[in-house]
Amino acid sequence: MALLQILHHPDPRLRRKAAPVTRFDDALLRLIDDMFETMYAAPGTGLAANQVGLSMRLAVMDCSDARNQRVVLINPEIVSTDEQQEMDEGCLSVPDIFDKVQRYNRLHLRALDAHGEPFELCAFGLMAQCIQHEIDHLDGKLYIDYLSPLKRERIKKKLLKAAASA
Ligand code: NI
């Protein structure tokens, strides 16, 4: 396994809409393992493939406290949503910054697993929030897009400064 480099905002690769996954092979399984390792090491609750520079509709997640409930989402689609609420959110590509975002508290999802088998899932709370966040990534969106232009500008300056001094 290997740790992958996580891209930071405002890297333009985070803004590309990722392409559907069509090949289910050993290379994909290795990539998924590497993404989990990278996510756990960060540490984070989710990681989308375009955060590590790959234009693929693939994300890994683990919303459990014990860090032992792996979820792989490939070509995910939200079927229905319910109950909007404000939730605290952060992102490995926007390090050390957190803010409140409106998310659905419940959703019903359709996706493929690591072997290309379709499955459906009903998610609540943190898991539902994480799924919306990861699907946004796959569409080239970041949670800070929901914040005011002034806040976004401040965040961009802060991250550019951090990158310059790294
Ligand atoms: Ni993120």
Side-chain angles (χ1 to χ4, degrees), residues 1-21 28 31-65 67-78 81 84-107 109 111-112 114 121 123-149 151-163 166:
M1 291 205 283
L3 285 181
L4 307 168
Q5 197 203 339
I6 299 175
L7 304 178
H8 288 173
H9 175 66
D11 191 299
R13 285 170 286 180
L14 292 168
R15 295 309 194 168
R16 280 187 213 137
K17 192 175 158 83
V21 174
L28 180 69
L31 170 64
I32 289 168
D33 276 345
D34 288 346
M35 285 176 63
F36 271 116
E37 195 187 5
T38 303
M39 181 194 81
Y40 285 126
T45 50
L47 185 69
N50 41 358
Q51 288 182 276
V52 293
L54 298 166
S55 179
M56 300 165 72
R57 298 190 81 75
L58 157 66
V60 300
M61 296 173 21
D62 187 341
C63 296
S64 69
D65 288 333
R67 316 290 278 155
N68 59 2
Q69 287 172 35
R70 293 177 174 219
V71 178
V72 177
L73 301 179
I74 296 177
N75 304 344
E77 273 175 65
I78 291 175
T81 53
Q84 268 205 320
Q85 68 174 57
E86 218 171 46
M87 295 175 162
D88 282 313
E89 199 151 316
C91 177
L92 295 175
S93 292
V94 190
D96 303 323
I97 289 164
F98 301 88
D99 215 314
K100 290 194 185 304
V101 173
Q102 285 279 336
R103 294 290 191 190
Y104 293 103
N105 191 40
R106 297 163 176 268
L107 61 82
L109 172 102
L112 303 178
L121 181 75
F124 311 92
L126 178 61
M127 177 109 172
Q129 178 185 17
C130 193
I131 288 168
Q132 290 162 83
H133 180 108
E134 298 313 320
I135 291 179
D136 274 354
H137 272 303
L138 301 181
D139 290 331
K141 277 194 252 170
L142 297 173
Y143 84 90
I144 54 170
D145 298 352
Y146 300 108
L147 307 178
S148 71
K151 271 191 181 172
R152 278 206 306 275
E153 195 50 38
R154 236 183 255 152
I155 290 167
K156 193 166 121 187
K157 276 190 188 145
K158 193 174 164 188
L159 293 183
L160 285 171
K161 205 172 151 190

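Both counts, for ligands and for their atoms, begin at 1 and track the order of listing. In what follows, every heavy atom counts, from backbone to side chain, and hydrogens, waters and symmetry copies are set aside. The first residue in the sequence is number 1, and the count goes up from there.
- Closest non-hydrogen pair, Thr81 versus Tyr104, comes out as CB-CG, 3.5 Å.
- In this structure, the separation between CD on Gln132 and CG on Leu109 is 10.0 Å, given to the nearest 0.5 Å.
- The shortest heavy-atom contact between Ala49 and Met56 is CB-O, 3.5 Å.
- Contact record, Ala114 with Val72: N-CG1, 4.2 Å, taken as the closest heavy-atom pair.
- Around the Ni ion (ligand 1), protein N, O or S atoms at less than 2.8 Å number 3.
- Of the listed residues (Leu47, Leu126, Ile131), just one forms a side chain to side chain contact (heavy atoms under 4.5 Å, CB included) with Met61, and that residue is Ile131.
- Closest heavy-atom contact between Ser93 and Leu7: OG-O, 2.8 Å.
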